[in-house]
Amino acid sequence: MAAHVHCPKSTLEQKLGAVNVSQQSVEGTSKWLLFYSQDASSIVAAWYETLRRSDPARKLALLYLANHVLQEGRKKGKEWVDEFSKVIVKALRDFSSSADEKARRSADKMIKVWEDRRVFSSSHAKQMKEVMKAEQTSSFVVTRSGKIRPDVATEGSFAAVASARDVYAAAIKAFGDEAVARQKAIDKLRAVLAKQ
């Protein structure tokens, strides 16, 4: 019986941090990950943490990587599907909160493939579609009194409510950042005028 070869953590972090959207990068990294299938649990945990910290372009690359690992890995066993099913909905929520329209369409296509091929359970497929839809349709409105509120019902799916909170928080932060930037501009203008 062959000894279990563990996935080297530093190399894993390096590979996850370097993956890009090219087919060569995704396939090469996927092949490397699949070699360590017995460590699927720790690999998927590291994948999710990397996705959470990444910029939007890297998040899309990491989703492509997950897709490739899922498609190839499920031919050999169910450990990859089992592990990704624990984080995929959260990962899609993290991804979609910062993704542009083109990247969202790519993710929607992946979800459709996963649904058609029954990679995940039907309940997971439904949750993934809800998360993507909630992120695409969420917005905020300014009330007559000048308050900002999410423009979604406060009842309904958890994804829609969570998304509304994220949109609300992002709007408040954006308004705060704008106020700080304007105050700095005013201070600079005053300093220039004071010198004249």
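We use all heavy atoms of the structure for the numbers below, so side chains are in, but hydrogens, waters and symmetry mates are not.
Remark: E79 CD to R74 CZ distance equals 13.0 Å, nearest 0.5 Å. The distance from atom CG of L62 to atom CZ of R53, rounded to the nearest 0.5 Å, is 10.0 Å. Going from atom NZ of K59 over to atom CZ of R52 covers 9.0 Å, rounded to the nearest 0.5 Å. Distance check, rounded to the nearest 0.5 Å: NE2 of H68 to CD of E27 gives 4.0 Å. From D108, atom CG reaches atom OG of S96 across 9.5 Å, with rounding to the nearest 0.5 Å. L193 contributes atom CG, which lies 11.5 Å from atom CD1 of I186 (distance to the nearest 0.5 angstrom).
Of the possible donor and acceptor atoms, one in the side chain of D55 sits under 3.5 Å from a partner among the backbone N and O of R58. Remark: side-chain polar atoms of S25 are not paired, donor with acceptor, to backbone N or O of S22 under 3.5 angstrom.
Each of R118, M110, R117 was checked for a side chain to side chain contact (heavy atoms under 4.5 Å, CB included) with W114, and the lone residue meeting it is M110.
Contact check on K112 versus D116 returns a salt bridge, with a Lys/Arg side-chain nitrogen under 4.0 Å from an Asp/Glu carboxylate oxygen. A salt bridge does not link E130 with K133: every distance from a Lys NZ or Arg NE/NH1/NH2 to an Asp or Glu carboxylate oxygen is 4.0 Å or more.
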Side chain to side chain contact (heavy atoms under 4.5 Å, CB included) for L65 and L16? Distances and angles first, verdict last.
CA-CA 9 Å; L65 176 62; L16 291 174; 3.7 Å; yes
query = Step by step, would you call I43 with W80 a side chain to side chain contact (heavy atoms under 4.5 Å, CB included)?
reply = CA-CA 9 Å; I43 290 171; W80 291 105; 3.9 Å; yes
- [ ] Evaluate side chain to side chain contact (heavy atoms under 4.5 Å, CB included) for V87 paired with W47, printing each intermediate quantity in order.
- [x] CA-CA 10 Å; V87 299; W47 172 88; 4.0 Å; yes
Item to complete: Decide yes or no on side chain to side chain contact (heavy atoms under 4.5 Å, CB included) for C7 and W32, but give the supporting numbers first.
Response: CA-CA 9 Å; C7 177; W32 187 86; 3.4 Å; yes
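Within the 4.5 Å cutoff, the side chain of L92 has heavy atoms near those of the L63 side chain. Counting only heavy atoms from C-beta outward, the side chains of D100 and P56 never approach each other to under 4.5 Å. The shortest distance between side-chain heavy atoms of Y64 and S106 falls below 4.5 Å. Side-chain contact between V119 and Q71 is present, with heavy atoms from C-beta onward closer than 4.5 Å. A 4.5 Å side-chain heavy-atom check between L70 and V81 finds at least one atom pair inside the cut-off. When side chains are defined from C-beta on, D94 counts as touching Y48, because their heavy atoms get closer than 4.5 Å.
Under the rule for a salt bridge (Lys or Arg N to Asp or Glu O under 4.0 Å), E13 has no partner lying at least two apart in sequence or in another chain.
By the rule that hydrophobic residues join a cluster once side-chain heavy atoms approach within less than 4.5 Å of another member, F35 and L12 end up as members of one cluster.
The heavy-atom pair separating A125 from E115 by the smallest distance is CB-CG, 4.2 Å.
The number of heavy-atom neighbours closer than 6.0 Å to CD of Q23, taken from other residues, nucleotides and ligands shown, is 12 or below.
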